[in-house]
Visitor: 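First, the structure itself, so that you have it in front of you.
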Amino acid sequence: MKRRAVVGAGAVLALAAVAVSSTEESAAADDAGTRPMPDFLDRGLWRVFTRLDRRTRLAVHDVSGRDRRVLWPPSWQVCTQYPAAGTDLDRRTTVTVGVVRKGETCPPRVRTARR
């Protein structure tokens, strides 16, 4: 009985230590506040999902003019992005990405107005 109590107490202490260290890391990241926006133009949409912080708000839309829904991100490529690459992102920033299916070209009106 004592052994179970000791093992249980040890597990609780280990979980508490992990929780404290992860809150310290997230607090340090929040103190930093901003991080630069990567360049996603002409890259796969999946890269956007893997490179941005999970807390970043993201709006994705089809710029081909067909108003299609993006259901499978690996089959789409980025034509436009806002904000521009290198801009500092904070928690209030919403990243907007315009995409077309892989294999399609970005429309000319989008290419000339790229951000």
Side-chain angles (χ1 to χ4, degrees):
M1 188 74 154
K2 286 184 180 182
R3 183 174 181 191
R4 284 188 203 167
V6 170
V7 170
V12 168
L13 288 175
L15 288 174
V18 169
V20 167
S21 66
S22 64
T23 56
E24 287 174 355
E25 289 172 6
S26 64
D30 288 342
D31 289 344
T34 61
R35 60 201 177 283
M37 172 73 169
D39 183 16
F40 295 122
L41 296 177
D42 295 323
R43 309 239 178 185
L45 180 58
W46 187 248
R47 179 170 286 208
V48 175
F49 285 100
T50 58
R51 297 272 315 269
L52 289 178
D53 186 76
R54 62 182 171 81
R55 294 172 290 182
T56 303
R57 287 179 274 173
L58 180 64
V60 178
H61 63 282
D62 179 16
V63 294
S64 69
R66 298 183 200 152
D67 198 30
R68 298 174 288 191
R69 289 187 183 184
V70 178
L71 298 176
W72 186 248
S75 63
W76 294 80
Q77 73 179 12
V78 177
C79 286
T80 63
Q81 74 177 47
Y82 178 82
T87 305
D88 288 335
L89 297 176
D90 60 12
R91 282 197 264 165
R92 297 176 306 229
T93 305
T94 298
V95 174
T96 304
V97 178
V99 296
V100 293
R101 282 191 156 290
K102 283 188 176 176
E104 296 177 358
T105 58
C106 295
R109 65 179 169 74
V110 172
R111 282 221 176 265
T112 59
R114 282 181 110 162
R115 296 193 247 192

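Along the sequence shown, residues are numbered consecutively beginning with 1.
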Visitor: Are any non-hydrogen side-chain atoms of Asp88 and Pro83 less than 4.5 angstrom apart?
Guide: no
Visitor: Do Val63 and Pro107 come close enough that some side-chain heavy atom pair is under 4.5 Å?
Guide: yes
Visitor: Which of these passes side chain to side chain contact (heavy atoms under 4.5 Å, CB included) with Trp76: Val70, Val48, Val60?
Guide: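 So, applying the side chain to side chain contact (heavy atoms under 4.5 Å, CB included) to Trp76 and each of Val70, Val48, Val60, only Val70 qualifies.
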Visitor: Distance check, rounded to the nearest 0.5 Å: Asp53 atom CG versus Arg51 atom CZ?
Guide: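 One finds 12.5 Å between CG of Asp53 and CZ of Arg51.
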Visitor: Would the distance check show the side chain of Arg91 and the main-chain N or O of Arg57 forming a donor-acceptor pair, the cut-off being under 3.5 Å?
Guide: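 No, Arg91 side chain to Arg57 backbone: no donor-acceptor pair under 3.5 Å.
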Visitor: Could you tell me whether Arg43 atom CZ has more than 12 heavy atoms of other residues or ligands within 6.0 Å of it?
Guide: no
Visitor: Taking atom CG as the centre, does Asp67 end up with more than 12 heavy-atom neighbours from other residues, nucleotides or ligands that are less than 6.0 angstrom away?
Guide: no
Visitor: Enter the distance from Trp46:CH2 to Phe40:CZ here, rounded to the nearest 0.5 Å.
Guide: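 The CZ atom of Phe40 is 13.0 Å from CH2 of Trp46, to the nearest 0.5 Å.
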Visitor: Around atom CZ of Arg68, are there more than 12 heavy atoms of other residues, nucleotides or ligands at under 6.0 Å?
Guide: yes
Visitor: Rounded to the nearest 0.5 Å, what's the gap from CD on Gln81 to CG on Asp42? Could you check?
Guide: 10.0 Å
Visitor: Does Glu104 use its side chain to pair, donor to acceptor, with the backbone of Gln77 at less than 3.5 Å?
Guide: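 No: the side chain of Glu104 does not pair with the backbone of Gln77.
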Visitor: Pairs under 3.5 angstrom only: tabulate donor-acceptor contacts from the side chains of residues 92-100 to other protein residues two or more places apart or in another chain.
Guide:
residue	atom	partner	partner atom	Å
Arg92	NH2	Asp90	OD2	3.0
Thr93	OG1	Asp90	N	3.4
Thr93	OG1	Asp90	OD1	2.8

